[in-house]
Amino acid sequence: FDHVSQDARLNGMKLILSDIEARTGDFPVIFMGDFNVTAERDEVYHMALDETGFVDAWTVAKERKGPVATWNAFRPVNPDSDRRIDWILLRGDFEVDLCETVTYSENDRQVSDHFPVYAKVRLQLESTE
């Protein structure tokens, strides 16, 4: 999502949610990316979750590992930061066993200005019997 304009992020979220609905109907969906706003504190986040059936893998995971923050500005982990701008959103009958902010680096050099986010999820399938 745009890193400057809140209007662009809000309109982008509206467009993506509309497209997801048109393409998937009631099918399970995994929607993830760099949203450029802090989860739980921004209208874009709430738009993505309120009334859509999406849940945030980080908040519903049975286990969480790593720091909350996913944005690092190419610096080592800042334990005081809560800037979680990369999310994994799920819609459907998913179980989230683990959500992790991966902080691996080589010689204290980050490969990106974002830490990767990993989730171990299981889709619960209904029996047709």
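Note: hydrogens, waters and symmetry copies are ignored here, and every other heavy atom, side chains too, is used. Just so you know, residue 1 is the first one in the sequence shown, and it goes up from there.
Of the possible polar contacts, none joining the Asn107 side chain to the Arg109 backbone as a donor-acceptor pair under 3.5 Å is found. Of the possible polar contacts, one joining the Arg64 side chain to the Trp58 backbone as a donor-acceptor pair under 3.5 Å is found. Ser18 places no side-chain N or O within 3.5 Å of a backbone atom of Lys14 that could act as its donor or acceptor partner.
In this structure, Tyr104 is a member of the same hydrophobic cluster as Tyr118, with clusters built from ILVMFWY side-chain heavy atoms closer than 4.5 Å. No continuous path of ILVMFWY side-chain contacts below 4.5 Å connects Val102 to Val68, so the two sit in separate hydrophobic clusters. A continuous path of ILVMFWY side-chain contacts below 4.5 Å connects Phe94 to Leu125, so both sit in one hydrophobic cluster. By the rule that hydrophobic residues join a cluster once side-chain heavy atoms approach within less than 4.5 Å of another member, Leu17 and Ile30 end up as members of separate clusters.
Closest non-hydrogen pair, Pro76 versus Gln110, comes out as CA-NE2, 3.8 Å. Of all the heavy atoms in Thr101 and Phe115, the pair that sits closest is CG2-CB, 3.5 Å. A pairwise comparison of heavy atoms in Thr103 and Pro67 identifies CG2-CD, 3.4 Å as the closest pair. Residue Asn36 comes nearest to Asp2 through the heavy atom pair CB-O, 3.6 Å, listed as atom of the first residue, atom of the second, then distance. Annotation for Arg41 and His46: closest pair N-NE2, 4.4 Å, computed over non-hydrogen atoms. Here the closest non-hydrogen pair linking Asp86 and Trp71 is OD2-N, 4.4 Å.
A side chain to side chain contact (heavy atoms under 4.5 Å, CB included) with Ile88 is found for one member of Val117, Val121, Val96, Val55 and no other, namely Val117.
Counting heavy atoms of neighbouring residues, nucleotides and ligands inside a 6.0 Å radius, atom CG of Asp26 does not exceed 12 of them. Within 6.0 Å of CD in Glu43 there are 12 or fewer heavy atoms belonging to other residues, nucleotides or ligands. Shown here is Gln124, whose CD atom has more than 12 heavy atoms of other residues, nucleotides or ligands within 6.0 Å. Counted within 6.0 Å of CD on Glu106, heavy atoms from surrounding residues, nucleotides or ligands total 12 or fewer; the atom is thus considered open.
Annotation: the span from Asp42 atom CG to Met13 atom CE amounts to 9.0 Å, rounded to 0.5 Å. Atom-to-atom distance recorded for His114:NE2 and Ile85:CD1 is 4.5 Å, nearest 0.5 angstrom. Taking CG of Asn11 as the reference point, atom OG of Ser5 lies at 8.0 Å (rounded to 0.5 Å). The line from CG of Leu90 to SG of Cys99 is 8.5 Å long, rounded to the nearest 0.5 Å. With rounding to the nearest 0.5 angstrom, the OG1 atom of Thr52 is 8.0 Å from the CG atom of Leu89. With rounding to the nearest 0.5 Å, the separation of CZ in Phe27 from CG in Leu123 is 11.5 Å.
With sequence neighbours excluded, the residues that form a salt bridge (Lys or Arg N to Asp or Glu O under 4.0 Å) with Asp19 are Arg23. In this view, Asp97 and Lys62, Arg122 satisfy the salt bridge (Lys or Arg N to Asp or Glu O under 4.0 Å) rule, not counting sequence neighbours.
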>> Before you tell me yes or no, could you show the steps for Ile20 and Phe31 under side chain to side chain contact (heavy atoms under 4.5 Å, CB included), namely the whole-Å CA-CA distance, both residues' side-chain angles and the distance that decides it to 0.1 Å?
In response: CA-CA 9 Å; Ile20 287 172; Phe31 174 23; 3.8 Å; yes
>> Under the criterion side chain to side chain contact (heavy atoms under 4.5 Å, CB included), I'd like the reasoning laid out for Leu98 against Lys65: C-alpha separation, chi angles, the key distance, then a yes or no.
In response: CA-CA 8 Å; Leu98 169 69; Lys65 288 186 179 179; 3.8 Å; yes
> Please walk me through it: do Arg84 and Glu40 pass side chain to side chain contact (heavy atoms under 4.5 Å, CB included)?
Replying inline: CA-CA 9 Å; Arg84 187 168 65 89; Glu40 301 180 63; 3.3 Å; yes
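Annotation: cation-pi geometry satisfied between Arg91 and Phe54 (NZ/CZ under 6.0 angstrom from ring centroid, within 45° of ring axis).
Aromatic ring centres of Trp87 and Tyr45: separated by under 6.0 Å.
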